[in-house]
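Remarks on the structure that follows.
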Number of protein chains: 2
Amino acid sequence: MFNEQQTKLARYTKALGHPVRIYVLQTLAKQTCCYSGDLSEVLPIAKSTLSQHLKELKEAGLIQGEIEAPRIKYCINKASWAEAQDLLKAFFED
Amino acid sequence: MFNEQQTKLARYTKALGHPVRIYVLQTLAKQTCCYSGDLSEVLPIAKSTLSQHLKELKEAGLIQGEIEAPRIKYCINKASWAEAQDLLKAFFED
DNA sequence: ATGACTGTTCGTAAATTTACGAACAAAAGT
DNA sequence: ACTTTTGTTCGTAAATTTACGAACAGTCAT
């Protein structure tokens, strides 16, 4: 029923659909990358909850985590980020 | 904790986060407007489910319904549509 | 007034989301 | 070895989302 673009767009926007995840993505997009702990210090939620949000963003493909023991450095996944941007651009340009 | 823009962006993207709602918005953005029945004929979901999705889009401000008895004509809410577009543009332009 | 048509609302159920603290795991430093 | 640091996973609970059919509520035509 739905084409690839519609499905992808829904997946990306769903991942964006929470203030915490918007904040995380803005932070990662501005500065290159950051650690989970950096976010945890600022955000008014439990570490475990943040971890869940990061997992969702990871599963949507928007971010990726690199191990930098004992921490994990999270960065934007530039390819997916660009794809989401393109899909949204096309979406609004109808 | 979150500013107005982040909250709004999350609200808009959350409303976009479902294939049915993406489809509806694309349809409304392409053609000027359409009736619930037109969508219902095409979409593989119950009328009542469609009605719920339309309600969500309405509550997010993205669409509006005009009574054209006995039907309801749904259209994009251009102001909110433009706002969502601007917020997303700014979001990706960081 | 009685049907036919359109779309919403209600009641319900299953799945998902959001959130927390506690427990756990991996790696580094002591 | 043991402790500290970092972050995930587990267990759980409450709220929300998605979906359906049935019932309802307007409006128009007969």
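Just so we're on the same page: letters track the sequence lines, and every chain starts at 1. Note that these values count all heavy atoms, side chains included, but never hydrogens, waters or copies made by symmetry.
Here C:dT8 presents its P atom at 8 Å from CG of B:Leu50, a figure rounded to the nearest Å. Atom CG in B:Leu54 sits roughly 10 Å away from atom C1' in C:dG7 (whole-Å rounding). In this structure, the NZ atom of A:Lys55 is 11 Å from the P atom of C:dT17, given to the nearest Å. The separation between A:Lys58 atom NZ and D:dG7 atom P is 11 Å, rounded to whole Å. Between the P atom of D:dG26 and the CD1 atom of B:Ile72 lies a distance of 12 Å, rounded to the nearest Å. Taking atom CD of residue B:Glu56 and atom C1' of nucleotide C:dT16, one finds them 13 Å apart after rounding to whole Å. Atom CD in B:Glu66 sits roughly 16 Å away from atom C1' in C:dG7 (whole-Å rounding). When rounded to the nearest whole Å, the span between NZ of A:Lys47 and P of C:dC20 equals 13 Å.
A side-chain donor-acceptor contact under 3.5 Å links B:Gln6 to the backbone of B:Asn3. Between the side chain of A:Ser51 and the backbone N or O of A:Lys47 there is no donor-acceptor pair closer than 3.5 Å. A donor-acceptor pair is defined here as one N or O able to donate and one able to accept, closer than 3.5 Å; no such pair exists between the side chain of B:Gln26 and the backbone of B:Tyr23.
B:His53 pairs by the side chain to side chain contact (heavy atoms under 4.5 Å, CB included) definition with B:His18, B:Val20, B:Arg21, B:Ile45, B:Thr49, B:Glu56, not counting sequence neighbours. Checked against salt bridge (charged side-chain N to carboxylate O under 4.0 Å, His left out), A:Glu68 has the following partners two or more places apart in sequence or in another chain: A:Lys73.
By the neighbour-count criterion of 12 heavy atoms within 6.0 Å, atom CD of B:Gln5 is sparsely surrounded, having that number or fewer from other residues, nucleotides or ligands.
Between B:His53 and D:dA19, a side-chain N or O to OP1/OP2 separation shorter than 4.0 Å is present. Note on A:Ser51: a side-chain N or O is less than 4.0 Å away from OP1 or OP2 of D:dT8. Remark: A:His18 is in phosphate contact with C:dA19, judged by side-chain N or O atoms under 4.0 Å from OP1 or OP2.
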N/O-N/O pairs, protein side and nucleotides 11-14 of chain D side, under 3.5 Å:
none

Under 3.5 Å, which protein N or O atoms sit close to an N or O of nucleotides 25-30 of chain C? Give each pair with its distance.
none

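When all heavy atoms of A:Leu62 and A:Ala15 are compared, the pair lying nearest together is CD1-CB, 3.9 Å. Residues A:Tyr12 and A:Ala60 share a closest heavy-atom pair of CE2-O, 3.4 Å. Pairing each heavy atom of B:Ser36 with each of B:Leu50, the nearest pair is O-CD2, 3.5 Å. Heavy-atom minimum distance, B:Gly17 versus A:Thr13: CA-OG1, 3.3 Å.
With hydrogens and angles ignored, a donor-acceptor pair under 3.5 angstrom links the side chain of A:Ser48 to the base of C:dG21.
Within a heavy-atom distance below 4.0 Å of DNA chain C, the residues of residues 29-40 of chain B found are B:Tyr35, B:Ser36, B:Gly37.
Residue-to-nucleotide proximity on DNA chain C shows that, of A:Arg21 and B:Tyr74, the 5′-proximal contact is made by B:Tyr74.
Sequence neighbours left out, the pairs with a member in residues 53-94 of chain B that pass disulfide bond (SG atoms under 2.5 Å apart) are B:Cys33-B:Cys75.
The aromatic rings of A:Phe91 and B:Trp81 sit tilted relative to each other, their planes meeting at an angle between 30° and 60°.
Within the 4.0 angstrom heavy-atom criterion, only backbone atoms of the sugar-phosphate kind lie near A:Lys14; the bases stay farther away.
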